[in-house]
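Have a look at the structure below before the remarks.
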There are 2 protein chains.
Amino acid sequence: MTASTKPSHHHGNLRSALIEAGVQLLREGGLEALTLRKAAGVAGVSHAAPAHHFASLTNLRSAIAAAGFEIFDASMKCEIKKVSPSNPSEVVRAACRGYILFAIENPALFSLMFGGTELIREEPPLGASSGHAYETLTNICLPFSTDAKSLEKMRMLVWSLVHGFTSLMLAQQKNFPLVDDAIQQFEEMLPDFSKFQSME
Amino acid sequence: MTASTKPSHHHGNLRSALIEAGVQLLREGGLEALTLRKAAGVAGVSHAAPAHHFASLTNLRSAIAAAGFEIFDASMKCEIKKVSPSNPSEVVRAACRGYILFAIENPALFSLMFGGTELIREEPPLGASSGHAYETLTNICLPFSTDAKSLEKMRMLVWSLVHGFTSLMLAQQKNFPLVDDAIQQFEEMLPDFSKFQSME
DNA sequence: TTCAATAACTAGACATCGTCAAGTTTAGCC
DNA sequence: GGCTAAACTTGACGATGTCTAGTTATTGAA
């Protein structure tokens, strides 16, 4: 193990390098640019090297989606931190901003995560990572619910609204509206959740 | 032109046969089962025959998506016809039932239409077909709006809600809940639109 | 009716892709 | 130092999108 990075036969941490390469390929060339061979190329290994870490392309996709869910969760949490936690409606709006921002900044990754591509949910990281985002979405709904059933309804309402809006925005035009315009349009559409309790 | 369908060198209507074959492939094998060569095989022509009708796989996908939007629109209209037009809230619920039903019955087609696959919107049929569904969604929102701006907001709200719910339902588990369960869950989540006017 | 022009399709080829099988190199442990 | 197992390379295979060239059928005009 010399100090200089000699062309060692062993990569060292190929698994995470492939995930990172995959994220980059998605960003640069969209869904179809993510191939095992290209990811191997970016990571600087031979075309068959990924097989030792990912049994198939579906496995690599699943791992990348898992990484995406972590970034996704972080994006929501980042926006949530910017607002006062004492205003639950503002917290929901902030989380949705993080949701939309993530999708605009990582459209192909968002499509991979939610777009119908076959993924392996049993692969532990994917289940765990999407669970984190699920938790965040649940937490922001807690102030609006009195029991498990109303929590479930609120979470589904918020999640459906922001996810539907985001998906349709991405599907409709590839030249997105400016980020701020998208978020403004979403917030204008958003109903006043604080009045929902009395609507039953 | 004999009466019997002799194995003519000319297929006759290959373009629509390829679209139909594509829909079948999607239904049977999901997104990744749709290939130009398989569609050609199902239609009974050589692997390069599709090139005369579709310049690329993306073009075939776009045409199939366009066909999907027509089925999609028909599914909403079919459910709308079953309820009284004098009850606008019930009409919205019916359209959403059609939306969810279509997605459950054609998950891969739904993913192709909305899942981030690159499509050619300029290809006339796709724009026109998705326009029909857009019109239907607009029409059911008319009773809830007073001007163009409120119509836009209502359409975006309804569309985002039902689209988000449907997408998340498809993404979460491949073994769907029973259709009736999914629709019931959606309708329980759905806010009372008739009260929305006064919420501004 | 005949025939030429054009459209529809076939056959073959190429690069790229996922995946498998077999070797080769390295790391870690005794 | 040497052995074992993991990490990686090389080479191959079938499938895929797409291109080129050739073949067949339809059509429209003479």
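Small disclaimer: the values here were computed from a predicted structure and weren't measured. Order of the sequence lines sets the chain letters (A, B, ...), proteins ahead of strands, with each chain counted from 1.
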Could you tell me how far apart [X] ([atom1]) and [N] ([atom2]) are, to the nearest whole angstrom?
| X | N | atom1 | atom2 | answer |
| --- | --- | --- | --- | --- |
| A:K38 | C:dT16 | NZ | C1' | 9 Å |
| B:E32 | C:dC17 | CD | P | 15 Å |
| A:H52 | C:dC20 | NE2 | P | 12 Å |
| A:N13 | D:dC8 | CG | P | 9 Å |
| A:L14 | D:dT9 | CG | C1' | 13 Å |
| A:L25 | C:dC17 | CG | P | 10 Å |
| B:R37 | D:dT18 | CZ | P | 11 Å |
| A:H47 | C:dG18 | NE2 | P | 10 Å |

For A:T35, answer base if it contacts any base atom (sugar-phosphate contacts may also be present), sugar-phosphate if it contacts only those atoms, and nothing otherwise; contact means non-hydrogen atoms under 4.0 Å.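 Here A:T35 touches the backbone only, sparing every base.
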Taking side chain to side chain donor-acceptor pair (under 3.5 Å) as the criterion, tell me which of B:E20, B:E28, B:R27 meets it with B:Q24.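 Answer to the side chain to side chain donor-acceptor pair (under 3.5 Å) test with B:Q24 among B:E20, B:E28, B:R27: B:E28.
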Test B:F54 against B:R15 for side chain to side chain contact (heavy atoms under 4.5 Å, CB included), laying out the working first. CA-CA 8 Å; B:F54 302 101; B:R15 185 186 160 90; 3.5 Å; yes
Would you kindly compare B:A49 and A:S56 by the position of their nearest DNA chain C nucleotide and give the one closer to the 5′ end?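 The 5'-side residue here is B:A49.
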Do NZ/NE/NH1/NH2 and the carboxylate oxygens of B:E32 and A:R61 come within less than 4.0 Å?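 Result for this pair is yes, salt bridge flagged.
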Are B:E187 and B:R97 close enough for a salt bridge, meaning some N to O gap below 4.0 Å?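 Judged by the 4.0 Å cut-off on N to carboxylate O distance, B:E187 and B:R97 do form a salt bridge.
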So, does B:H53 get its side chain near the phosphate of C:dC9, meaning an N or O under 4.0 Å from OP1 or OP2?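 Yes, such a contact exists.
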Select one nucleotide: of C:dA21, D:dC8, C:dG18, the one nearest the side-chain heavy atoms of A:L57.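 Selected nucleotide (nearest to the side chain): C:dG18.
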